[in-house]
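As the structure lists them, so they are numbered: ligands from 1, and atoms in each ligand from 1.
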Amino acid sequence: MVKQRVLSGVQPTGSLHLGNYLGAIRTWVGEQYDFENYFFIADLHAITVPHDPKALAENTFTLAAMYLACGLDIQHTTIFVQSHISAHAELAWMFNCITPLNWLERMIQFKEKAVKQGENVSIGLLDYPVLQAADILLYQADLVPVGEDQKQHLELTRDIAARFNFQFGLPEQPILKVPEPLIRAEGARVMSLTDGTKKMSKSDPSEQSRINLLDSPDEIRNKIKRCKTDPTRGLAFDDSARPECHNLLTLYQLLSGQSKEAVAAECAQMGWGQFKPLFAEATIEALRPIQERYHALMDDRAQVEAVLRQGKEAAEEVAQQTLQAVKDALGFSRSL
Ligand code: AMP
Ligand code: TRP
């Protein structure tokens, strides 16, 4: 049986946190053997907001090391850097010319990020989801595992694919595969440690709001000690009046690898003073093997470089095929 194709990416814009891990990368790793996988580092997306040119290449490299440290297996997975494959930017241009402007103006993430940029919002920030559509459609992906916040971008990708197929393909011979989002309920939306109604985010100015995958045991204990809770004794899931409680129990459940029922029973009578150390140690233990592998890889940079070189070659082959099919459909002359 032919395996379905999975593709996803993360931007190299700072440390990965538990939201990135539990919302996205853990799903990639856990399900990689069932699929043919393409995971990339979205460095073209990282320049849609002001960035530091001195840090971009190193952040790209460390994110690749982190993908491997989290458990991606290159026997089953192609790992590559978006900007190494020029087809991404080329296809994004072609999609720009068939995507109505008002589809982009509706994007929630654009509106949120645009507010932060004030007068300096770039065309690239508005165009970000079109590039994302190109990333996905180039590889004819069946499934795209992401966190909940990317759902709207996936819908736009599906709309662009359908529009392209309708305008330039034949009904019985679509040029682009229309992908499905893969959003696992648990971990899809990890919330901030300082406000259980806001998602955990790289761009939150407070370090206290998130646990990074590379945080030391002491940093983890301190962040958890000071995280926001509530005055109620006895901890329970799914109480909409207690968003922090639900978030922390869910994190504990996922990181300790227990069932929801087991955690609900274990914590039903607990106070925060008893729960927090338990949660901190579970987090430290879950991150320990990832951190160990990460540091070993950073001591062996040649290994990571080889993975990216190999990934570029494999990804390029697939990307070029789709790009050529799109150019043919649009009527471009073939280069001689
Ligand atoms: P980004 O950091 O925006 O490049 O996001 C990388 C991946 O992590 C995407 O699949 C996001 O949906 C996912 N992600 C980011 N923040 C969270 C969060 N707080 N909860 C769950 N998933 C998240
Ligand atoms: N926009 C995604 C994010 O911020 C990153 C991304 C870029 C992506 N291209 C993609 C995710 C293609 C999935 C598929 O998380």
Any side-chain hydrogen bond (donor to acceptor under 3.5 Å, both in side chains) pairs touching residues 166-176, not counting sequence neighbours?
none
What is the nearest protein non-hydrogen atom to atom 5 (O) of ligand 1, stated with its residue, atom name and distance?
N20 ND2, 3.4 Å
I need the nearest protein heavy-atom contact for atom 3 (O) of ligand 1: residue, atom name and distance, please.
Q11 NE2, 4.0 Å
Side chains of T13 and Q11, donor plus acceptor under 3.5 Å:
no
Looking just at side-chain N and O atoms, do Q253 and E186 make a donor-acceptor pair shorter than 3.5 Å?
yes
Looking only at distances, can you tell me whether any N or O atom of [X], backbone or side chain, sits closer than 3.5 Å to an N or O atom of ligand 1?
| X | answer |
| --- | --- |
| M200 | yes |
| V190 | yes |
| M191 | no |
| K202 | yes |
| E148 | no |
| G23 | no |

Sorted by chain and residue number, the residues with a non-hydrogen atom under 4.0 Å of ligand 2 are L7, S8, G9, Q11, F40, A42, H45, Y128, Q132, D135, I136, V144, V146, Q150
With heavy atoms under 4.0 Å as the rule, classify the contact between H17 and ligand 1 as side chain, backbone, both or neither.
side chain
Against heavy atoms of A24, which atoms of ligand 1 measure under 4.0 Å?
7 (C), 8 (O), 10 (O)
